[in-house]
Number of protein chains: 2
Amino acid sequence: MSSFAPTEQRLAVTCRRQPAFPRQPAVLVRLIKHLHKRVHDDANALLKPWGISHPEYNILMMLYGTEGYALNPSQLAEAAGEKSANITRLADSLCDKGLIERTASDEDRRKVSLSLSRRGLAMIDDFMPAICALLERQTAGLKAAETAQLERLLKKFLDQLEQG
Amino acid sequence: MSSFAPTEQRLAVTCRRQPAFPRQPAVLVRLIKHLHKRVHDDANALLKPWGISHPEYNILMMLYGTEGYALNPSQLAEAAGEKSANITRLADSLCDKGLIERTASDEDRRKVSLSLSRRGLAMIDDFMPAICALLERQTAGLKAAETAQLERLLKKFLDQLEQG
DNA sequence: TCCATATATTTCATATATGAAATATATACG
DNA sequence: CGTATATATTTCATATATGAAATATATGGA
């Protein structure tokens with residue numbers, strides 16, 4: 001039985017006690033929380049041998065997914081869903097490890113450019129097989145059509161959250 | 001345009017650079033992260049006037065959803081998706097605010113019972129209309145059938161994460 | 001009974017994340 | 001120009017979360 005069952009049971013009790021409580025939206029929100037926790041913990045465990053955390057991995061991958069392998073802290077904050085103060089801290093840590101480089105922009109001297117180092121690129125190549133395997137495994141229970149449907153619905157959900 | 005578009009664009013670049021990288025699983029994982037952040041931030045903002053955080057709210061609601069309005073720290077950890085050390089801290093905070101009570105169990109003296117206080121119950125009644133409105137708003141973009149489908153798929157996704 | 005081991009919770013040191021203020025540069029407009 | 005305002009990043013104090021060790025109780029044999 002899923003670890004979610006007791007939570008769902010508690011939502012049912014809440015609905016009985018608060019007739020206006022919208023069950024399904026509440027279930028969705030709690031599912032998101034459970035999923036996030038699991039995904040975060042799994043990624044942290046997998047990355048441990050490389051000495052980086054899941055948020056640090058996200059930073060590296062955002063740079064990797066960019067032409068030129070470089071972004072500003074504010075772009076990274078947006079892309080990785082972190083606050084800019086946290087980007088500073090994560091970037092400091094990644095610089096210390098030699099995985100990214102911090103250089104001043106000369107078009108706009110307020111800006112900073114964070115770019116993947118040769119060593120950062122090599123580390124990505126190194127952990128990539130394990131990451132791919134994890135991602136495949138995590139969605140192995142879903143058929144292709146279900147994955148596509150889930151992607152569509154989650155995007156719609158996110159759109160709504162960002163508007164409403 | 002959704003805040004997710006740049007992230008998705010970066011995943012496309014990653015796929016080009018790493019042919020083995022599974023795009024859809026990666027998109028799902030990132031969507032979960034974006035959704036979680038948004039849900040968490042929205043709830044924190046809404047609850048601020050009551051002086052409690054989203055994790056504290058979750059504790060209160062887990063107790064509220066239980067017959068007898070009481071749970072052990074370990075049950076709460078499981079239900080709320082928090083580590084037990086964190087439950088201790090959150091429970092301390094809620095006790096300080098007079099919203100829950102901590103009593104020793106006498107069937108098993110290792111255990112502690114955390115229960116909603118009269119004041120905690122009153123606070124739930126007080127913020128409930130705003131919470132219901134938030135939950136309705138957050139899912140307003142989804143049709144009933146879509147919400148049901150999303151719930152089904154997220155549960156399947158979570159099951160897979162917990163097995164694999 | 002006594003001991004080994006398991007379970008429940010808390011403590012404490014440390015890691016991680018945030019908001020608000022500080023710093024620096026850019027841009028717009030009188 | 002000069003000055004007000006906006007943008008980008010960092011600093012710092014504080015809040016939040018975690019792992020590992022410590023504490024206390026329970027349980028099941030020898």
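Please read all numbers here as calculations on a predicted model, not as lab measurements. Throughout, a chain's letter reflects where its sequence line sits, starting with A, and its residues are numbered from 1.
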Atom pair distance, as rounded to whole Å: [atom1] in [X] and [atom2] in [N]:
X: B/Asp96; N: D/dA15; atom1: CG; atom2: P; value: 13 Å
X: A/His40; N: C/dT16; atom1: NE2; atom2: P; value: 9 Å
X: B/Asn72; N: D/dT25; atom1: CG; atom2: P; value: 16 Å
X: B/Asp92; N: D/dA15; atom1: CG; atom2: C1'; value: 15 Å
X: B/Leu90; N: C/dT9; atom1: CG; atom2: C1'; value: 14 Å
X: A/Glu56; N: C/dA15; atom1: CD; atom2: C1'; value: 11 Å
X: B/Asn86; N: D/dA15; atom1: CG; atom2: C1'; value: 11 Å
X: A/Ile59; N: C/dT16; atom1: CD1; atom2: C1'; value: 13 Å

If you look at every heavy atom in A/Leu153 and B/Leu142, which pair is closest and at what distance?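 Looking at all heavy atoms of both residues, the shortest contact is O-CD2, 4.2 Å.
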
Which of these nucleotides, [options], is closest to any side-chain atom of [X]?
X: B/Ala85; options: D/dT11, D/dT18, D/dA17; answer: D/dT18
X: B/Arg109; options: D/dA26, D/dT9, C/dT25; answer: D/dA26
X: B/Val112; options: D/dT9, C/dA17, C/dT10; answer: C/dT10
X: A/Pro73; options: C/dT11, D/dT10, C/dA17; answer: D/dT10

By the 4.0 Å heavy-atom rule, please label B/Asp108 as base, sugar-phosphate, or nothing.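 B/Asp108: backbone/sugar contact only, no base atoms under 4.0 Å.
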
When all nucleic acid strands are considered with a 4.0 Å heavy-atom cut-off, which category describes B/Ser84: base, sugar-phosphate, or nothing?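 Here B/Ser84 touches the bases of the nucleic acid.
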
Both A/Lys37 and A/Thr88 contact DNA chain D. Which one's nearest nucleotide lies toward the 5' end?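 So the residue in question is A/Thr88.
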
Pairwise 5' ranking along DNA chain D for B/Ser53 and A/Lys48, keeping only the more 5' one: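 Upstream on the strand: B/Ser53.
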
Mind checking what makes ring-ring contact (aromatic ring centres under 6.0 Å, His included) contact with B/Tyr57, not counting sequence neighbours?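 B/Tyr57 satisfies ring-ring contact (aromatic ring centres under 6.0 Å, His included) with B/Phe127 only.
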
Quick one: is C/dT9 close enough that its OP1 or OP2 comes under 4.0 Å of any side-chain N or O from B/Ser74?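 Yes, because at least one side-chain N or O of B/Ser74 sits under 4.0 Å from OP1 or OP2 of C/dT9.
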
Phosphate contact (D/dA17 OP1 or OP2) by B/Arg89 side-chain N/O below 4.0 Å: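 Yes.
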
Any chance the side chains of [X] and [Y] put a donor and an acceptor closer than 3.5 Å?
X: A/Arg102; Y: A/Ser113; value: no
X: B/Lys143; Y: B/Thr147; value: no
X: B/Asn58; Y: B/Glu82; value: no
X: B/Gln160; Y: A/Gln138; value: no

May I ask you to list the residues of residues 75-83 of chain B, by number, that have any heavy atom positioned under 4.0 Å from an atom of DNA chain D?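 Here the set is B/Glu82, B/Lys83.
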
Walk me through it: do A/Arg152 and B/Glu146 pass the test salt bridge (Lys or Arg N to Asp or Glu O under 4.0 Å)? CA-CA 10 Å; A/Arg152 187 182 76 78; B/Glu146 288 177 324; 3.5 Å; yes

Within the modelled atom types, does a donor on one side and an acceptor on the other bring the side chain of B/Arg110 and the base of C/dT7 under 3.5 Å apart?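 Looking at the base of C/dT7, it does pair with a donor or acceptor on the side chain of B/Arg110 (distance under 3.5 Å).
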
Has A/Arg17 got its NZ or CZ under 6.0 Å from the middle of the six-membered ring of B/Tyr69, at an angle within 45 degrees of the ring axis?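 Because its charged atom sits under 6.0 Å from the ring centre and within 45° of the axis, A/Arg17 does stack over B/Tyr69.
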
